[in-house]
A.B. asks: 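Here it is: the structure, laid out below.
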Amino acid sequence: MALMTGEEYIESIRKINMEIYMFGEKVENPVDNPILRPSLNSVRMTYDLAQDPEHQDLMTVISPFTGNRINRFMHIHQSTEDLKNKVKMQRLCGQKTAACFQRCVGMDAFNAEYSTTYEIDKKYGTNYHDNLKKFMIYCQENDLTVDGAMTDPKGDRSKAPHAQEDPDLYLRVVERRPDGIVVRGAKAHQTGICNSHEVIVMPTISMGPDDKDYAVSFAVPLDTEGLFMIIGRQSCDTRKLEGSSMDVGNSEFGGVEALVIFDDVFVPNDRIFLNGETEYAGMLVERFAGFHRQSYGGCKVGVGDVLIGAAAVAAEYNGAQKASHIKDKLIEMMHLNETLYCCGIACSSEGHATESGSYIIDLLLANVCKQNVTRFPYEIARLAEDIAGGLMVTAPSEKDLRDPKLGKYVEKYLKGVDCVSTENRLRILRLIENLTLGTAAVGYRTESMHGAGSPQAQRIMIQRQGNLEYKKQLAKAIAHIEE
């Protein structure tokens, strides 16, 4: 099958009978739901860009497994150039949507699974790698969007999965059959899962021998019996029901998360990638986390580009663009944003081949990248809010602007420079509000903190991979210390 167009993608999702709930009710038509549709449009952009000749080399690649052209989001990295192009592609998608475009998790899951299953099979003689390759080729050939599901609810964080009072707080195998397994549990914070064709499920932490039932990885379609989604709330989400493109800020694009329930879901043997090999759970988690922390050096930078541009426009509309402190703040925003991009490119450039032949990033630098992402977007957002001014959060609604009685007062008293309409001034302020405080803040500011692991998760990996003993020996050698 050829690469799908954006419209073909939309229609392919429409055909999937997903079980989705929001505000206590089942969503009968998620594709056209005004709260969910912007997130679907963000994924659609990854298909539209792949059809654009200008972006073909960045958005698509020839699959080494089939020889056909595929979307890069379905590619297994074959070189450091692939790793760098991934980051560049993510920045482009962030620039075009100013939102989370949701396909990074599946791409990162495939790449983590590819090298890990190879090493499991090498040790145990299992068929996980073959299973993964067959599933991957199926997804490549049908141009599918695949979500990655890692985060368990976790319950009491001081206890291992098997020690939880409720054993389902980590997803687990509850039955093993000759033809497959039955799993029960949940995965939280699943961005874009309602816009995906398939989902790859992975463990969320390293595990010991007693956690055998929890060391499981597999893939299932989104219409699998027993799988359903509960959509999460976002700040200002119901603004999308009001019919005002201005008040939403970013009316076309967005992201949406869900709590995904696996209520005794059957998984056939050929869709299983890990089943009880507890010592490899940590490897899979570590590699996936590394790939996904690399991703944030691209996607958050692209959205940052939009926010910086919006702040600069707001300064012009306020008549403050020539003020030295405004110029300095914009410089600082660009400096921070490009530093994040440098981290994404650096960990890609320092990547290396795994035993499977696929390429992985430098894990230490990937964790440094994400550690910076937990900080810099917050400062970028703060500076954008500073430049925008208080009207960003006190402006009346579009209905007030259009009202026969009130509109002339809104128009008169909220105008900035003479050459810019009040409407356009309010539109750029609403975009900044959306990116820093509203629904897109989940895909920019808040997700920068918790997506791909909390800040402490990166600090643990930096401590583990930072080779402090080697650095101590360097210092002792320079100081001529002999012990």
Side-chain angles (χ1 to χ4, degrees), residues 9 39-47 49-50 55 58-61 70-77 82-114 136 139-140 143-151 187 189-202 253-258 285 287-304 340-341 343-345 347-348 351 358-361 366-367 369-370 373 377 440 442-444 446-453:
Y9 159 71
S39 68
L40 187 68
N41 290 340
S42 294
V43 184
R44 174 180 179 159
M45 181 58 74
T46 68
Y47 287 87
L49 288 172
H55 301 300
L58 204 57
M59 294 298 304
T60 69
V61 63
I70 61 170
N71 196 297
R72 189 176 291 277
F73 279 104
M74 287 305 310
H75 183 48
I76 301 297
H77 310 305
D82 275 345
L83 293 170
K84 288 185 288 185
N85 282 335
K86 170 198 170 184
V87 174
K88 294 176 182 179
M89 172 185 70
Q90 290 167 315
R91 185 172 190 173
L92 173 66
C93 292
Q95 291 170 338
K96 295 296 186 179
T97 63
C100 177
F101 38 91
Q102 304 155 54
R103 295 187 72 181
C104 307
V105 189
M107 170 177 53
D108 295 336
F110 265 116
N111 278 275
E113 293 271 9
Y114 189 86
M136 175 199 65
C139 294
Q140 287 183 350
D143 201 14
L144 302 183
T145 290
V146 181
D147 189 42
M150 175 167 278
T151 306
K187 291 292 181 178
H189 320 309
Q190 288 310 121
T191 306
I193 190 164
C194 63
N195 303 320
S196 301
H197 303 92
E198 301 264 354
V199 58
I200 296 177
V201 174
M202 299 166 282
F253 303 108
V256 69
E257 292 72 37
V285 171
R287 290 181 178 181
F288 169 79
F291 278 121
H292 206 44
R293 289 164 190 172
Q294 170 211 23
S295 290
Y296 279 54
C299 65
K300 294 297 171 284
V301 176
V303 179
L340 297 178
Y341 184 60
C343 290
I345 294 296
C347 69
S348 304
S358 67
Y359 269 65
I360 191 170
I361 68 285
N367 279 277
C369 177
K370 179 55 177 55
V373 172
V442 177
Y444 184 64
T446 309
E447 192 185 35
S448 293
M449 178 67 73
H450 292 291

A.B. asks: Is the shortest side-chain heavy-atom distance between Cys104 and Phe73 below 4.5 Å?
C.D. replies: yes
A.B. asks: I'd like to know if the side chain of Arg293 reaches the main chain of Cys369, judged simply by a donor and an acceptor atom lying under 3.5 Å from each other, with no hydrogens or angles considered.
C.D. replies: no
A.B. asks: Could you give the distance from CG (Asn85) to OG (Ser348), rounded to the nearest 0.5 Å?
C.D. replies: 9.5 Å
A.B. asks: Which distance, rounded to the nearest 0.5 Å, do you find between the CG of Asn71 and the OH of Tyr47?
C.D. replies: 7.0 Å
A.B. asks: Out of curiosity, Lys88 NZ to Tyr341 OH, how far, rounded to the nearest 0.5 Å?
C.D. replies: 5.0 Å
A.B. asks: Quick one: closest heavy-atom pair of Cys347 and Gly344, and the distance?
C.D. replies: SG-O, 3.4 Å
A.B. asks: State which residue, out of Thr191, Asn195, Thr46, fulfils the side chain to side chain donor-acceptor pair (under 3.5 Å) condition with Gln102.
C.D. replies: Asn195
A.B. asks: With sequence neighbours excluded, tell me which residues meet salt bridge (Lys or Arg N to Asp or Glu O under 4.0 Å) with Lys84.
C.D. replies: Glu81
A.B. asks: Identify the two heavy atoms, one from Thr60 and one from Arg72, that lie closest to each other, and give their separation to 0.1 Å.
C.D. replies: O-NH2, 3.6 Å
A.B. asks: For the residue pair Cys343 and Lys370, establish whether any side-chain heavy-atom pair is separated by less than 4.5 Å.
C.D. replies: no
A.B. asks: I'd like to know if the side chain of Gln190 reaches the main chain of Gly148, judged simply by a donor and an acceptor atom lying under 3.5 Å from each other, with no hydrogens or angles considered.
C.D. replies: yes
A.B. asks: Has Gln294 got a side-chain atom pairing as donor or acceptor with Leu83's backbone, closer than 3.5 angstrom?
C.D. replies: yes
A.B. asks: Carefully, step by step, assess Tyr359 and Asp82 under the rule side-chain contact (heavy atoms from CB on, under 4.5 Å).
C.D. replies: CA-CA 8 Å; Tyr359 269 65; Asp82 275 345; over 6 Å; no
A.B. asks: Donor-acceptor pair, distance only, cut-off 3.5 Å: does the side chain of His197 make one with the backbone of Thr145?
C.D. replies: yes
A.B. asks: Which heavy atom of Gly297 sits nearest a heavy atom of Val87, and at what distance?
C.D. replies: O-CG1, 3.7 Å
A.B. asks: Roughly how far, to the nearest 0.5 Å, is the CE atom of Met136 from the SG atom of Cys139?
C.D. replies: 9.0 Å
A.B. asks: Look at the side chain of Ser42 and the backbone N and O of Gly254, then say whether any donor-acceptor pair between them is shorter than 3.5 Å.
C.D. replies: yes
A.B. asks: What I'd like to find out is whether the side chain of Ile70 reaches to under 4.5 Å of the side chain of His75, using heavy atoms alone.
C.D. replies: yes
A.B. asks: Looking at side-chain heavy atoms only, is the closest gap between Val105 and His292 below 4.5 Å?
C.D. replies: yes
A.B. asks: With the side chain counted from C-beta on, respond yes when Pro377 and Leu340 share a heavy-atom pair under 4.5 Å apart, and no when they do not.
C.D. replies: yes
A.B. asks: State whether the side chain of Tyr9 and the backbone N or O of Asp143 hold a donor-acceptor pair below 3.5 Å, judged by distance alone.
C.D. replies: no
A.B. asks: Quick check for you: to the nearest 0.5 Å, what is the distance between Lys187 atom NZ and Thr151 atom OG1?
C.D. replies: 7.0 Å
A.B. asks: Taking everything shown except His189 itself, do over 12 heavy atoms lie less than 6.0 Å from its NE2?
C.D. replies: no
A.B. asks: Would you indicate whether the side-chain heavy atoms of Glu447 and Lys300 approach each other to under 4.5 Å?
C.D. replies: yes
A.B. asks: Starting at CG of Asn111, measure out to CD1 of Ile76 and round the result to the nearest 0.5 Å.
C.D. replies: 4.0 Å
A.B. asks: Does Lys86 reach the main-chain N or O of Phe291 with its side chain, forming a donor-acceptor pair under 3.5 Å?
C.D. replies: yes
A.B. asks: Are the side chains of Met45 and Phe101 in contact, using a 4.5 Å heavy-atom criterion?
C.D. replies: no
A.B. asks: Less than 4.5 Å apart, side chain to side chain, heavy atoms only: is that true for Met89 and Arg103?
C.D. replies: no
A.B. asks: What are the two closest heavy atoms between Val303 and Ala98, and how far apart are they?
C.D. replies: CG2-C, 4.0 Å
